[in-house]
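The figures here come from the full heavy-atom set of this structure, side chains too, leaving out hydrogens, waters and symmetry mates.
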Amino acid sequence: PFFPSISHQIETHKHYSKTTNGNSSPGLNCLQSPPHIRAASMADSTQENTKSPLTEFLRSGIYRLESANAVFLDPVRILNRNYSYSRVSPSAYYSRFFADADHIAGEGEEREVGDSGNSGKRKRKRKRKKPCALNDKELIADLRHQEARPLLVKAHEALLSAGKLLQVMPGLRSGTSRCLRSSCLQTCSTSREAGYSFIDLGKIWQAPLYEITLKFRASDEGNRDEGSSPIQDDEHVDVPIFCSLVSNNTKADLEAEFLGIEYMLPRQSCFYMSDLEKIRDLIPGNSDCGFNLIVLDPPWENRSAFQKLSYPTLPNRNFLKVPVKQLAHTDGALVALWVTNREKLRSFVENELFPVWGVTYLTTYYWMKVKADGSFICDLDLFHHRPYECLLLGYLSKKVIDHECPSMTKYLKDHRVIISIPGDYSRKPPVGELLLEYAPGPRPARCIELFARDMMAGWIAWGNEPLRFQQTQYFLKEEPMIVS
């Protein structure tokens with residue numbers, strides 16, 4: 001079977017067979033590789049770009065700063081390409097760093113590279129602390145920063161030189177840069193406000209009894225995969241939400257409901273919600289059904305009280321249990337791991353985690369966080385709070401006779417800088433499209449995100465709250481145009 005320990009759940013929703021009481025239950029096909037678990041094909045973005053960078057950005061959400069080996073991302077536009085009936089709400093995504101957007105757009109002041117943009121604000125006077133001597137780990141961390149600094153400065157200079165892009169950025173939150181007639185979806189209070197969380201519910205004994213309702217539309221009939229049973233009117237299907245492969249195998253986004261809260265599932269996507277102990281259920285019985293691209297955003301151990309309130313963390317050594325090598329495709333996989341700037345963590349990844357996973361380090365991408373005016377969210381050289389995070393890229397080879405990286409990874413762009421305005425706390429920008437072309441193996445690539453808190457079309461999302469940002473409160477629903 002594809003998943004040995006949950007063979008009865010493979011290809012969930014591949015077929016829908018009617019039961020005697022009129023409800024629907026998923027048919028199963030354990031011997032075939034799930035056709036809906038595939039990377040979303042975005043061939044148009046890989047074609048030669050003959051349009052202006054700004055025009056391409058307004059279409060794709062990616063503005064390429066080629067001179068600096070950098071890109072600016074609008075995650076809202078990128079995520080919107082996963083949906084047909086709904087759109088990600090810009091105001092819900094960009095919940096921070098837009099306070100001065102209107103003021104910024106009106107002034108047109110020039111910013112200096114490295115400026116956090118806070119010079120005009122009245123700050124509380126603080127006593128200056130005497131600089132303390134750095135310990136050995138802090139010295140290494142500072143050395144890493146000094147190596148990255150020229151790359152970040154060059155990318156920031158390129159961003160500030162992109163005048164047309166800077167004019168658009170303050171309007172990203174309000175959506176003034178695109179003309180959409182939409183209204184917020186009606187939704188209940190969030191799961192947190194309702195007094196429950198997926199993490200807590202997944203731990204109680206009733207967890208196997210909880211079900212999520214998938215609301216298929218009759219209009220989706222022509223968008224379903226071959227072999228699926230026809231939809232009679234609008235069809236609601238109840239399936240287990242925990243430790244079950246829940247999938248939307250249609251070619252359009254799908255509404256789902258759990259305990260009175262509405263969620264949006266992207267087209268041809270699926271999620272598996274469980275704790276770390278159940279992740280091995282995702283290991284394929286045949287490595288030819290493995291994954292070519294594996295992205296991880298672990299809840300690293302952190303002393304930050306605010307982070308502990310946002311989501312629970314795990315001791316770093318727990319991540320040694322993640323079966324990355326067993327999840328990889330026969331032809332290998334590109335592994336992308338988000339890490340903080342703590343030297344203790346970087347040392348752990350390089351000396352223990354990657355070797356246990358069988359991953360060979362390739363390069364580091366930098367996610368540079370800016371405000372709506374293009375300035376850093378904080379000073380570039382602020383030691384304990386850098387305005388950037390790191391994405392470590394490595395290659396995992398399952399062929400004993402070939403320990404070298406495949407030829408396609410040899411042209412992997414080195415030390416690339418990804419720039420964006422941050423969303424919710426600890427929410428990472430969608431970088432899958434930037435990495436897909438470097439993933440080894442067949443096409444379309446099979447992709448999975450571990451410790452995911454949202455979903456992407458064509459991907460599997462695994463974690464203990466993969467629906468965190470799929471609530472309808474984060475979306476807009478387009479209204480049909482009324483012709484008078």
Side-chain angles (χ1 to χ4, degrees), residues 39-84 87-91 93-94 97-98 101-102 104-113 117 151-182 365-376 411-423 429-438 456-457 476 478 481:
S41 175
M42 297 180 179
D44 55 342
S45 65
T46 61
Q47 296 177 357
E48 184 177 0
N49 180 21
T50 58
K51 301 179 181 179
S52 69
L54 183 61
T55 301
E56 180 65 15
F57 169 73
L58 295 177
R59 183 196 67 82
S60 67
I62 302 175
Y63 191 101
R64 301 184 184 277
L65 303 165
E66 299 291 357
S67 62
N69 190 24
V71 293
F72 177 84
L73 303 183
D74 176 15
V76 172
R77 279 183 169 79
I78 296 175
L79 293 173
N80 279 341
R81 292 157 64 190
N82 296 274
Y83 301 93
S84 302
R87 294 290 180 266
V88 175
S89 168
S91 59
Y93 185 93
Y94 291 118
F97 306 115
F98 269 86
D102 296 334
I104 292 164
E107 286 192 355
E109 296 179 354
E110 293 185 0
R111 299 286 185 187
E112 294 183 2
V113 175
L151 305 172
L152 299 169
V153 169
K154 185 176 181 179
H156 196 218
E157 288 175 342
L159 175 65
L160 297 182
S161 298
K164 293 182 178 180
L165 176 61
L166 289 178
Q167 293 176 2
V168 170
M169 286 170 58
L172 294 181
R173 186 177 191 272
S174 61
T176 55
S177 55
R178 67 181 296 187
C179 226
L180 272 181
R181 296 187 61 184
S182 31
Y365 279 13
Y366 299 94
W367 173 33
M368 190 167 72
K369 308 174 190 179
V370 297
K371 299 179 183 179
D373 65 342
S375 62
F376 289 110
Y411 61 83
L412 179 67
K413 290 191 175 182
D414 197 26
H415 300 305
R416 201 174 197 181
V417 179
I418 301 168
I419 312 171
S420 75
I421 303 170
V431 297
E433 186 176 349
L434 301 177
L435 303 175
L436 271 176
E437 61 181 306
Y438 306 116
M456 292 287 290
L476 302 170
E478 291 189 357
M481 298 293 294

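Asn82 places no side-chain N or O within donor-acceptor distance of the main-chain N or O of Met456, the cut-off being under 3.5 Å. Proximity of a side-chain donor or acceptor of Ser375 to a complementary backbone N or O of Lys371 within less than 3.5 Å is not detected. The backbone N or O of Ser60 lies less than 3.5 Å from a partner atom in the side chain of Arg81, making a donor-acceptor pair. Under the 3.5 Å distance criterion, the side-chain polar atoms of His415 are left unmatched by any main-chain donor or acceptor of Asn69. A donor-acceptor pair is defined here as one N or O able to donate and one able to accept, closer than 3.5 Å; no such pair exists between the side chain of Arg64 and the backbone of Val71.
A distance of 6.0 Å separates CE in Met368 from CG in Leu159, rounded to the nearest 0.5 Å. Of the inter-residue distances, the one linking Ser420 atom OG with Ile78 atom CD1 reads 8.5 Å to the nearest 0.5 angstrom. Distance check, rounded to the nearest 0.5 Å: NE2 of His156 to CG of Leu151 gives 14.5 Å. The CG atom of Leu73 sits 10.0 Å away from atom CH2 of Trp367, with the distance rounded to the nearest 0.5 Å. The distance from the CG atom of Asp74 to the CD1 atom of Ile421 is 7.5 Å, given to the nearest 0.5 Å.
Minimum interatomic distance between Ala68 and Ala155 (heavy atoms only, all atoms of both residues): CB-CA, 3.8 Å. Shown here for Tyr94 and Pro422, the closest heavy-atom pair between the two residues is CD2-O, 3.9 Å.
Looking at residues two or more places apart in sequence or on another chain, you find a side chain to side chain contact (heavy atoms under 4.5 Å, CB included) between Thr55 and Lys51, Ser52. With sequence neighbours excluded, the residues satisfying side chain to side chain contact (heavy atoms under 4.5 Å, CB included) with Ser67 are Ala158. The ring-ring contact (aromatic ring centres under 6.0 Å, His included) search around Tyr83 returns Phe475, not counting sequence neighbours. In this view, Asp414 and Thr363 satisfy the side chain to side chain contact (heavy atoms under 4.5 Å, CB included) rule, not counting sequence neighbours. Scanning for ring-ring contact (aromatic ring centres under 6.0 Å, His included) contacts around Tyr365 gives an empty result, with sequence neighbours left out.
For the pair Leu172 and Pro90, the minimum side-chain heavy-atom distance is 4.5 Å or more. Looking at Tyr366 and Ile418, their side chains never come closer than 4.5 Å, going by heavy atoms from C-beta outward.
With a 6.0 Å cutoff to the six-membered ring centre and a 45° limit on the axis angle, Arg77 counts as a cation-pi contact of Phe57.
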Evaluation steps, side chain to side chain contact (heavy atoms under 4.5 Å, CB included), between Met169 and Leu166: CA-CA 5 Å; Met169 286 170 58; Leu166 289 178; 3.8 Å; yes
Residues Val168, Leu54; criterion side chain to side chain contact (heavy atoms under 4.5 Å, CB included); working and verdict: CA-CA 9 Å; Val168 170; Leu54 183 61; 3.9 Å; yes
Intermediate values then yes/no, side chain to side chain contact (heavy atoms under 4.5 Å, CB included), Arg416 and Leu434: CA-CA 10 Å; Arg416 201 174 197 181; Leu434 301 177; 4.3 Å; yes
Evaluation steps, side chain to side chain contact (heavy atoms under 4.5 Å, CB included), between Val370 and Phe72: CA-CA 10 Å; Val370 297; Phe72 177 84; 4.2 Å; yes
From CA spacing to verdict: salt bridge (charged side-chain N to carboxylate O under 4.0 Å, His left out), Arg59, Glu56: CA-CA 5 Å; Arg59 183 196 67 82; Glu56 180 65 15; 2.5 Å; yes
